[in-house]
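Notes follow once the structure below has been shown.
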Amino acid sequence: MSRAEKVCLSLVSYCKTLGNLNQIHAFVYKSGLETNPLIAGKLVILGALQISDAIDYARRLLIHNPNPDVFMYNTLIRGESQSDSPKNSVNSFIYMLRQSYSPPDSFSFAFVLKAAANLRCLTTGFQLHCQAMTRGLDTHLFVGTTMISMYAECGFVEFAWKVFVQIPQPNVVAWNAILTAYFRGSDVSGADTVFGLMPFRNLTTWNVMLAGYTKAGELERAEGLFLKMPSRDDVSWSTMIVGFSHNGCFDEALRVFRELVGSGSKPNEVSLTGALSACAQAGAFKFGMVLHAFIEKVGLVWITSVNNALLDTYSKCGNVLMARLVFERMLGKKTIVSWTSMIAGFAMQGYGEEVIKYFHEMEESGTRPDGVTFISVLYACSHAGLVEQGHELFSKMTETYDIEPTIEHYGCMVDLYGRAGQLRKAYNFVVQMPVPPNAVIWRTLLGACSFFGDIEMAEQVNKRLPELDPDNCGDHVLLSNIYAFAGKWKDVAMVRRSMAEKNMKKIPGWSMIEIDKVMYSFVAGDKRNEITEEAYNKLSEIMLKLKVKGGYIPEVGSVLHDIEEEEKEDTVSKHSEKLAVAFGMARLCKGSTIRIVKNLRVCKDCHSFMKLISKVYGLEIVVRDRSRLGKGYCIKFLTDLQVTAVNVPSIRIEELNDNVLCNRRSGPGTIKTKVERPSIVMNPPLHLVLSRLLVTGYIFFFVSRIAAFEPRVFWKQPFYLHEVVVLSAKKGHSGNPLLSAVAAVTHRRAMFHC
DNA sequence: ATAGGGTTAG
């Protein structure tokens, strides 16, 4: 090998950017090595696979090479198949066929078939299949396997099977591919048959089964397999966590996550995003924070998907401040998902102006919004009453960005006009939409009619609704509410009778609350048991206090029927969110933020009830309910106190005292149930210092440090950030000025703790 | 010097 060749090869290993590649290319050219197959091949690898945004350069390298070999073609085809435009991969393959001196080999087919799979383009796939046949490569093990997954992606399981049976000696990978194909085609029993037929299985086989079952919603069968499979790896665990989370079984997902940690394996970015997604959907804020601390500790913060999941968890739990912190400190590249999650976080809380601001920042940063982004943006406009801006953004979406509006976008627009009281405009919009309106659209309009008491239009809308979704009792409830508000009891009775005739049942409303990282759920008019008893008792105590001190009068407008006022009051007083709040107030430390997630909408009475508790008890309450779009919707009740204090829930003064002083952890292995509590009021400066630290992200640094000391404690016990600060003060980090500062401030607390 | 099957956020 010549000296110049050696220099080139060593330069290649340091090449990181397109600029570097340009320089190396210049050197290669000057040294007369641009036709050297080894060197030229290396340059193409760099451009096609190792440097982002250099794929076009790689393609030019190949085109200008007088004698590209098969390897170069394959590298380019491979790079293009996994790029944003896999179509190029097919084009390069065609180009290769035309230069007949270097015919495609099994590698070329494997790569280009992958592109066809990514494109979900059956015609392309089929032509490639024919090309492979003419070269006798269609029964090649690797080509065949990729072809199976190509047909599966395109939705043609029977073709996949035909390819499979032609492979002379299918190995375990080919078997796994055909197994996956049956699951992709939602043919679970077909997959079961294949699984039974398989002459050999490996770990991936079992993982395919797990993923297939969870995607089909067969969680019990999945868990059965999970328990009996011969061994488990990261993917098995992640699959179970994600599977539970996607199917709405959040506590199960978090249970599996705990088991994963308990089993001694380390969570990876996939199991973490799965667990975070469960936290986000369930509103498990504290657990989310623990996961955040862990992520900081093990150094996974650079991974975009992890950051996006964290961001989403915080915003769905009603803490936009933390969401923004994660967003602004993101190490990896901000993707469209990051921007959209951030925007959705603001949108859920009704910060219309922030949404618009971030949207513009996103555009300036060069990130192109997609359809999902616009749903959040339009949603924000409708909730913040920004009719004009919403209208402008809708046209921007179609005109500037050329995004085809989906029914969800139209729904936002109907809501935008509806909420602004422009009912006629909303109605006309629905009638002239290019897509046929669905039940959600009419329901949105019906909701607006209900809000503005427009009986006439409500009746008009109601003519269209039952034919689209006859079994939705919510619509009947809405209509009957409109009549009830107007005092038209005969009409109310009529609606109720028709509901009874059709044997409609209301979806039971539930609310969940997280206490010590355990989720408790309550159902309206729940059966009495130990937990609900506690909630009911606290609730009647609260009711009394609110009536006396806050002048609480139950708002019973949303109760359907014409019954005695007292009875109505009884009905609304049993709503699950009230039980959850009461339970939270009974169980949580005094002054903690109360976070509740509800599956249905919160009624008017519960809304004002929460506001009143917040005022009378000086509590921050975050309620998330299911909004029309099926996303989280936060109502945040803040008293004056919390507005002036920095809005970071985990470091509220009261909570800090309670937790530090009732600390169950006075030494390794020993558990004290009760500790004498001297009553200390923390002085405001400490409170401010701590909140600033949390806002600037330093607290997590402490968490990481302390978790490294006591990982066992970290997972087994409920863990709060301020405890960490106290613990870290105890350990005495004298080297770090920042830690010393906190240690100095928290020292007094630490002493009590010992 | 290149391959094929399983888990990832809005």
Side-chain angles (χ1 to χ4, degrees), chain A residues 9 12 37-39 41-42 44-45 48-49 69-79 81 105-114 117 140-150 152 167 170-181 183-184 201-212 214-215 233-243 245-246 268-278 280-281 300 303-313 315-316 323 326 335-345 347-348 369-376 631-632:
Chain A
L9 289 178
V12 160
L38 182 66
I39 303 293
K42 286 279 183 201
V44 176
I45 292 180
L49 301 168
D69 60 6
V70 191
F71 175 76
M72 268 174 91
Y73 276 112
N74 290 351
T75 310
L76 180 68
I77 291 168
R78 181 182 169 208
S81 74
D105 59 7
S106 65
F107 289 90
S108 329
F109 276 103
F111 296 138
V112 74
L113 279 166
K114 189 85 188 165
H140 182 279
L141 186 55
F142 281 58
V143 176
T145 308
T146 326
M147 203 131 64
I148 289 169
S149 64
M150 181 275 293
I167 298 176
N171 64 359
V172 68
V173 181
W175 276 102
N176 289 340
I178 191 68
L179 184 63
T180 311
F183 278 122
R184 284 261 159 81
R201 295 169 185 154
N202 63 4
L203 189 49
T204 303
T205 316
W206 293 92
N207 288 340
V208 172
M209 292 302 287
L210 292 184
T214 57
K215 281 198 184 115
D233 68 353
D234 282 6
V235 178
S236 332
W237 286 101
S238 312
T239 306
M240 289 309 294
I241 293 167
V242 170
S245 170
H246 280 331
N268 64 4
E269 74 272 20
V270 184
S271 45
L272 279 163
T273 45
L276 279 169
S277 146
Q281 294 177 75
L300 292 170
I303 299 172
T304 306
S305 63
V306 170
N307 276 307
N308 290 345
L310 264 176
L311 180 51
D312 184 46
T313 307
S315 55
K316 287 238 174 74
V326 173
T335 63
I336 181 65
V337 178
S338 334
W339 283 101
T340 305
S341 309
M342 195 61 240
I343 287 173
M348 278 187 267
D370 63 9
V372 189
T373 319
F374 274 104
I375 290 175
S376 286
K631 300 219 174 171

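A note on names: the letters A, B, ... follow the listed sequences, proteins ahead of strands, and every chain is numbered from 1.
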Are Ser149(A) and Thr146(A) close enough that a side-chain donor and a side-chain acceptor fall under 3.5 Å?
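No, no side-chain donor-acceptor contact under 3.5 Å.
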
Pair Ser305(A)-Asn308(A), side-chain donor/acceptor within less than 3.5 Å
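Judged by distance alone, the side chains do not pair up.
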
Using OP1 and OP2 only, check whether a side-chain N or O of Lys215(A) sits under 4.0 Å from dG6(B).
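Answer no for this pair, as no side-chain N or O of Lys215(A) is under 4.0 Å from OP1 or OP2.
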
To the side chain of [X], which of [options] is closest?
| X | options | answer |
| --- | --- | --- |
| Thr204(A) | dT8(B), dA1(B), dG6(B) | dG6(B) |
| Phe107(A) | dT2(B), dG10(B), dG4(B) | dT2(B) |
| Thr145(A) | dT7(B), dG4(B), dG10(B) | dG4(B) |
| Asp312(A) | dG4(B), dT2(B), dG10(B) | dG10(B) |
| His246(A) | dA9(B), dG5(B), dT7(B) | dA9(B) |
| Asn176(A) | dT8(B), dG6(B), dG5(B) | dG5(B) |

Using a heavy-atom cut-off of 4.0 Å across all strands, would you classify [X] as base, sugar-phosphate, or nothing?
| X | result |
| --- | --- |
| Lys114(A) | sugar-phosphate |
| Thr239(A) | sugar-phosphate |
| Asn74(A) | base |
| Val242(A) | sugar-phosphate |
| Ser277(A) | nothing |
| Asn268(A) | nothing |
| Ser106(A) | base |
| Ile303(A) | nothing |
| Ser341(A) | sugar-phosphate |
| Thr335(A) | nothing |
| Val173(A) | base |
| His140(A) | base |
| Arg201(A) | nothing |
| Thr75(A) | nothing |

Distance-only donor-acceptor test, [X] side-chain atoms vs [N] base atoms, 3.5 Å:
| X | N | result |
| --- | --- | --- |
| Thr340(A) | dG10(B) | yes |
| Asn207(A) | dG5(B) | no |
| Ser305(A) | dT8(B) | yes |

Which one of Asp233(A), Asn202(A), Asp234(A), Thr239(A) satisfies the side-chain hydrogen bond (donor to acceptor under 3.5 Å, both in side chains) criterion with Asn207(A)?
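Going through the options one by one, the only one that passes is Asp233(A).
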
Quick one: list whatever passes salt bridge (Lys or Arg N to Asp or Glu O under 4.0 Å) with Arg201(A), sequence neighbours left out.
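So Arg201(A) forms no salt bridge (Lys or Arg N to Asp or Glu O under 4.0 Å) with any residue.
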
Under the side-chain hydrogen bond (donor to acceptor under 3.5 Å, both in side chains) test, which residues partner Ser277(A), sequence neighbours left out?
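Per chain and number, Ser277(A) pairs via side-chain hydrogen bond (donor to acceptor under 3.5 Å, both in side chains) with Ser245(A), Gln281(A).
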
Take Asn268(A) and Ser238(A), measure what side-chain contact (heavy atoms from CB on, under 4.5 Å) needs, and give me the verdict at the end.
CA-CA 8 Å; Asn268(A) 64 4; Ser238(A) 312; 3.7 Å; yes

